[in-house]
Amino acid sequence: MTNDKLNNSKNEWPLWEVFIRSKAGLDHKHAGSLHAADAQMAIENARDVYTRRMEGVSIWVVESKHIQASDPGEADSMYDPASDKIYRHPTFYNLPDEVKYM
Amino acid sequence: MSVHSFQEHFDNLIDRDVTIEPKDWMPDDYRKTLIRQISQHAHSEIIGMLPEGNWITRAPSLRRKAVLLAKVQDEAGHGLYLYSAAETLGISRDEMYNQLHTGKAKYSSIFNYPTLTWADMGAIGWLVDGAAIMNQVPLCRTSYGPYARAMVRVCKEESFHQRQGFEIMLTLSKGTDIQRKLAQDAFNRWWWPSLMMFGPPDAESPNTEQSVRWRIKRFTNDELRQKFVDVTVEQARVLGLEMPDKDIKWNEERGHYDFGTINWSEFYNVVKGNGPCNKQRIEARRKAWDEGKWVRDAAMAHAAKRKARQSEVKAA
Amino acid sequence: MNLAYTLRLADDALIIGHRLSEWCGHGPILEQDIALTNTALDHLGRARSLCQYAAEQYNAATAEEKKNSFSSVAIQQLTEAGKQLTEDDIAYLRDGWDYRSLLLLEQPNIDWAFTVARAFYYDTFNYYFFSHLKNSNDTTLAAIAEKSLKEVTYHLRWSSEWVVRLGDGTDESHNRIQQAINELWQYTGEPFVMNDADNVAVSTGAGVNLADIQPLWTARIAEILQEATLTMPPAGSWMQQGGKEGRHTEHLGYILAEMQYMQRTYPGMEW
Ligand SMILES: [Fe+2]
Ligand SMILES: [Fe+2]
Ligand SMILES: [Fe+2]
């Protein structure tokens with residue numbers, strides 16, 4: 001059966017990823033995805049779908065096909081080397097108790 | 001890595017309770033089962049808008065009207081989150097709609113029952129959303145990441161649904177004789193179909209074992225059904241309603257309520273398409289989709305025109 | 001007292017909210033189903049605030065004023081029994097002739113194009129109307145206007161964008177939206193007709209002089225239609241009116257039959 005017979009739009013509205021800042025000062029966080037014909041509509045749809053319960057003060061959208069993701073098969077070489085660099089974390093350093101506010 | 005070691009890696013993740021993400025390797029069966037389960041769930045949310053949608057324009061107070069409208073809208077949102085989760089597995093929403101509209105895909109059989117009175121809005125919220133929550137809360141920890149995250153959002157929104165339903169029932173049960181009659185009648189009609197929502201008995205549910213291992217399912221149908229009966233009996237008492245099942249009895253030994261026999265032949269018939277509203281439900285969805293085609297096409301055509309004009313301006 | 005004026009605004013909100021809520025579950029795509037329901041909820045919320053305010057004013061009125069406010073029997077009976085009216089009594093117990101909403105708003109949804117065109121005409125009106133009503137000396141109406149203006153600004157953006165999308169989309173969408181724009185045009189004169197309620201409200205400083213907003217409305221409609229490659233229906237064509245006086249099209253009767261069914265069948269109960 002062709003798409004047309006099934007009464008699909010020949011071109012489905014593209015998929016977008018939605019990122020929402022939940023309140024001023026915080027990062028945008030992935031909220032979910034949705035379909036929209038263009039970027040402007042994607043932002044409005046995101047407002048209507050993902051901020052109905054006051055979940056956001058700012059919205060980013062990006063068409064899903066533009067997201068580049070790391071390969072989970074390379075997770076070992078990508079992320080494990082960071083695990084022995086504990087000196088990057090402040091708790092690695094012992095300071096005398098008298099030192100305050102550091 | 002060979003398929004064998006991929007499989008080993010996958011099993012290992014599952015056993016360690018680590019979530020599987022879209023780009024991870026996964027066995028074909030896992031992908032297929034998930035697509036089936038998530039899309040069925042999404043379809044249920046969307047079809048589920050129809051029986052309650054019936055009463056939006058007839059709600060008996062402005063407050064109830066606003067609540068019902070917001071509730072039915074939430075169900076649209078749930079459908080949307082779930083379709084999105086399924087889309088990460090490589091199937092399009094259009095394709096899932098095709099499966100629904102051509103009768104290939106199933107959805108929860110409960111929505112093939114009619115909403116005959118206002119009290120049905122109470123009974124559905126209380127029982128149907130209640131049963132759904134019981135089914136769904138464990139899925140917030142399911143093994144597939146996008147599904148689990150969708151379910152977290154769904155469950156968060158779902159909690160007001162059951163409360164508003166119970167509140168409707170409570171108001172009716174504290175009301176006039178006719179209102180109590182409406183409440184009891186709705187309870188009688190929705191009770192058995194609600195029990196069927198948990199699916200066939202474990203003995204007849206072949207997928208359960210594999211699904212439990214994959215954490216696509218975390219409790220068996222019968223376990224959840226029993227839990228539902230136990231809490232609902234207590235709630236019905238608060239409402240002062242009579243249980244629609246004469247065999248309901250506390251079983252000291254089991255520590256659970258015993259209940260009567262479910263009419264499974266009715267269940268299988270409704271699933272097969274012989275429920276009172278199967279045809280109307282699918283027809284309503286298909287009509288909305290078909291009549292929306294020119295609208296969706298127009299939006300795409302306009303977006304393309306706009307893009308073309310923008311690149312013309314840039315080129316100039 | 002601005003009861004008549006309040007009621008008119010309440011009825012507009014209630015009727016358009018009712019029509020838009022009919023789309024819930026039947027929209028052309030999930031995202032827009034959800035979007036339209038948000039708008040329906042905005043209108044319904046405004047209807048509630050206004051119905052509450054109307055009830056408040058009615059309850060505080062003199063017996064003479066009450067008698068002149070409504071001719072619906074159910075309301076008169078409640079009043080004779082000494083009952084205070086609620087928002088629900090206002091919505092559910094008035095007969096069609098006591099409804100003062102615009103004829104435009106009760107017109108059926110028909111399809112996405114008619115729904116968009118109706119919203120576009122009304123949202124544009126609302127936008128300018130509430131921009132002015134914000135300055136009302138009736139502080140309740142001013143507060144409602146202030147809140148509504150934010151909602152309406154978004155509604156107007158939504159409906160304007162859809163007019164452009166459909167007008168400048170495919171041939172089919174262009175024809176459909178043009179037809180809807182043409183057919184609903186006959187209802188776009190009534191919003192600007194100054195009746196007694198308008199004149200009284202303007203003279204006391206509570207209401208909006210509709211003559212002030214008509215040119216703004218016309219300019220904005222013309223601008224969007226042009227962007228949408230659509231033709232503006234001719235000025236000076238015959239305009240329907242009567243809704244603001246309680247003389248409606250046949251559609252309102254069906255809306256009320258459905259909307260009021262529960263309250264009429266089971267009078268005086270809590271839901
Ligand atoms: Fe849901
Ligand atoms: Fe659900
Ligand atoms: Fe729900």
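Keep in mind the model is a prediction, meaning the values are calculated, not measured. The sequence lines fix the lettering, A, B, ..., with proteins before strands; numbering per chain opens at 1.
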Query raised in the report: Checking heavy atoms, do the side chain of Glu55(A), its backbone, both or neither come under 4.5 Å from chain B?
Result: side chain
Report summary line: Honestly, the part of Ala36(A) sitting under 4.5 Å from a heavy atom of chain B is neither
Query raised in the report: Side chain, backbone, both or neither: which part of Gln73(B) has a non-hydrogen atom closer than 4.5 Å to chain A?
Result: both
Query raised in the report: With a cut-off of 6.0 Å (strictly less than), are more than 12 heavy atoms of other residues, nucleotides or ligands near CZ of Arg163(B)?
Result: no
Query raised in the report: If you look at every heavy atom in Ala303(B) and Ala37(A), which pair is closest and at what distance?
Result: CB-O, 3.4 Å
Query raised in the report: About how many Å separate CG of Leu34(A) and OH of Tyr81(B), when rounded to the nearest 0.5 Å?
Result: 10.5 Å
Query raised in the report: Crowded around Asn12(B) CG? As in, over 12 foreign heavy atoms under 6.0 Å?
Result: yes
Query - Glu12(A)/Arg296(B) salt bridge by N-O under 4.0 Å criterion - result: no
**Report entry** Pair Arg53(A)-Glu157(B), side chain to side chain contact (heavy atoms under 4.5 Å, CB included): steps then yes or no
**Finding:** CA-CA 9 Å; Arg53(A) 287 178 168 81; Glu157(B) 300 186 356; 3.3 Å; yes
Report task. Drop me the distance from Ser84(B)'s OG to Glu17(A)'s CD, to the nearest 0.5 angstrom. Result -> 8.0 Å
**Report entry** Part of Ser64(A) lying under 4.5 Å from any heavy atom of chain B
**Finding:** neither
Query raised in the report: If you take all heavy atoms of Leu80(B) and Tyr50(A), which pair is closest and at what distance?
Result: CD2-OH, 3.8 Å
Report task. Check whether Arg153(B) gets within reach of chain A through its side chain, its backbone, both or neither, counting any heavy atom under 4.5 Å. Result -> side chain
Query - Residues His302(B), Met41(A); criterion side chain to side chain contact (heavy atoms under 4.5 Å, CB included); working and verdict - result: CA-CA 12 Å; His302(B) 178 69; Met41(A) 193 206 265; over 6 Å; no
Query raised in the report: Crowded around Arg309(B) CZ? As in, over 12 foreign heavy atoms under 6.0 Å?
Result: yes
Report summary line: One option among Gly77(B), Ala76(B), Ser92(B) has the most heavy-atom pairs under 4.5 Å with chain A, and it is Ser92(B)
**Report entry** Structural part of Arg306(B) lying under 4.5 Å from a heavy atom of chain A
**Finding:** side chain
Requested in this report: Please check if atom NZ in Lys23(B) has more than 12 non-hydrogen atoms from other residues, nucleotides or ligands closer than 6.0 Å.
Outcome: yes
Report task. Report, as yes or no, whether the 6.0 Å neighbourhood of atom NZ on Lys305(B) holds more than 12 heavy atoms from other residues, nucleotides or ligands. Result -> yes
Requested in this report: May I ask you to decide whether Arg52(A) forms a salt bridge with Asp74(B), counting only side-chain N to carboxylate O separations under 4.0 Å?
Outcome: yes
